[in-house]
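In what follows, a single structure is set out as structure tokens and then discussed.
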Amino acid sequence: MATTSSAHRNPASRLRAPAERSRSVPNLPGLPLIGNLLDFRKDRLGMIDRVAKVGPVARFDMAHIPVYVVTDADLAHQILVDDAAKFKKSAGLQFLMPMLGDGLLTAEGETHKRHRKLLAPAFAPKRLAAYADVMVDETLVQLSHWRRGQTFDLAEELMAMTLAIAGRTLFGVDVRRDAATVAEGLELGMHAVVDSFSSFLQLGYEWPLPRHLKMRKAVRLLDDVVYRLIAEGRARGTDRGDVLSVLLMARDEDTSLSNRQVRDEVMTLLLAGHETTANTLSWTWYELGRNPQVLARVEEEVSKVLGGRRITAADLPNLPYSLAVIEEAMRLHPPAYNTGREALEDVTIGGHRLPVKSTALINIRGIHRRADYFPDPLAFQPERMFAEAKKARPRHHYLPFGAGPRVCIGSHFALMEAQLALATMVQHASVKILASTIEPEPLVTLRPRGGLPARVERC
Ligand code: HEM
């Protein structure tokens with residue numbers, strides 16, 4: 001899977017190469033009619049790893065639907081950035097539509113452009129700095145529930161914490177009491193999506209199939225929370241400067257956002273804005289549990305910079321090791337472990353023709369684990385994320401937040417939150433991770449399967 005070093009440094013150079021004759025895409029052998037569907041159902045992540053071994057662009061078949069898995073950073077860059085206009089989000093996203101509707105993650109074309117512009121100020125650096133206080137407050141609230149000797153699922157704790165942070169920063173509302181409802185809704189929704197994706201029989205959402213009923217229940221649970229959140233935000237006035245105010249004002253002033261669109265954006269930001277960050281922190285703690293010398297270094301850095309005082313956004317540049325630990329955890333365990341695109345026309349990538357309407361799956365986790373990009377790729381080495389190491393390799397080899405026009409709008413928000421939360425947790429508590437190996441659960445995002453059992457040693 002090695003590519004030339006000049007192409008590595010400049011992904012565009014590969015695109016400007018003389019037109020290549022298109023070659024057929026190698027594929028993972030499958031069964032007649034169903035292709036690799038059973039494999040996909042049994043072990044999605046393992047199957048994608050196997051496809052990646054077939055080649056940097058390789059195909060598997062979901063019954064009659066071919067999926068082109070791209071495990072090459074240059075080609076991923078071509079699809080996500082250089083040729084972004086030749087693709088839309090993949091058809092697989094339709095299964096998320098009942099939940100997210102036409103929010104920023106799923107919207108296309110003009111709606112996407114308009115909403116991205118509308119929401120951008122809420123994620124601007126100045127605004128983010130104002131969220132830092134809430135992020136620290138909510139981390140401390142979470143820690144205040146912990147007792148020495150207590151065992152719990154740390155992943156669940158982190159999910160409740162990031163939900164509370166998203167609720168208060170983005171919408172000015174306390175959603176802590178809704179944590180269990182949101183968790184249940186998300187769990188049901190993500191399983192319904194995977195069930196739909198891996199089903200041989202594709203029927204409309206109106207059919208009362210078990211997976212559709214699961215999704216309808218998820219939507220009911222999440223809608224209850226989201227509509228209440230909107231009502232509370234509206235009751236408190238619409239010019240508080242948070243995302244909800246922006247959305248409500250856009251609706252009230254130029255009627256450019258319908259009620260339904262406000263709901264879709266709130267749902268998208270609430271879910272996209274907490275689940276992935278919680279998973280990032282869970283995987284970070286998992287790796288800290290396995291690498292005590294790394295944890296000791298994080299503790300040392302935090303103690304040296306902060307002593308016992310409360311962290312602020314201004315401290316973050318002085319905690320580079322903590323950031324590197326989080327970034328390295330996202331390399332090995334990217335919460336958004338892949339992302340799909342559908343070709344709007346025939347496109348040639350790496351000499352292979354992707355026919356119009358075909359699906360390309362950018363294998364983010366596979367790219368992050370390539371030995372020619374990251375030597376000894378399975379080793380947890382935060383040093384890879386030091387500034388000098390980053391400078392020495394092409395930026396696009398690392399893409400936990402995607403790239404191009406659909407790059408994550410919340411990437412700085414998420415990194416700031418993870419760094420503030422990690423430093424605050426290390427300052428006030430010690431937790432022992434009680435499992436040495438945790439399998440990833442590849443739903444819409446990558447979660448630790450069965451959670452992250454942990455014991456509080458100090459708090
Ligand atoms: C570590 C945490 C996070 C990770 C790993 C992550 C990852 C990603 C990725 C890979 C994409 C691009 C998907 C694609 O290209 O198809 C994306 C998009 C998006 N993310 Fe995040 N995300 C994180 C946190 C957040 C946060 C905190 C928010 C909001 C507060 C957020 C909101 C969004 C939205 C709205 C989009 C769609 C952007 C668009 O299409 O214009 N994410 N995220």
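First listed ligand is number 1; within each ligand, the first listed atom is number 1. Just so you know, these numbers come straight off a predicted model, no measurement behind them.
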With sequence neighbours excluded, residues passing ring pair (Phe, Tyr, Trp, His ring centres under 6.0 Å) with His368 | Tyr398
Quick one: do [X] and [Y] make a salt bridge, cutoff under 4.0 Å?
X	Y	answer
Asp39	Arg44	no
Asp72	Arg370	yes
Glu388	Lys391	no
Asp178	Arg176	no
Asp102	Arg263	no

Sorted by chain and number, the residues that approach ligand 1 to under 4.0 Å with a heavy atom | Lys89, Leu104, Leu105, His112, Arg116, Phe123, Leu170, Leu269, Ala272, Gly273, Thr276, Thr277, Thr280, Met330, Ala336, Thr339, Arg341, Pro400, Phe401, Gly402, Arg406, Val407, Cys408, Ile409, Gly410, Phe413, Ala414
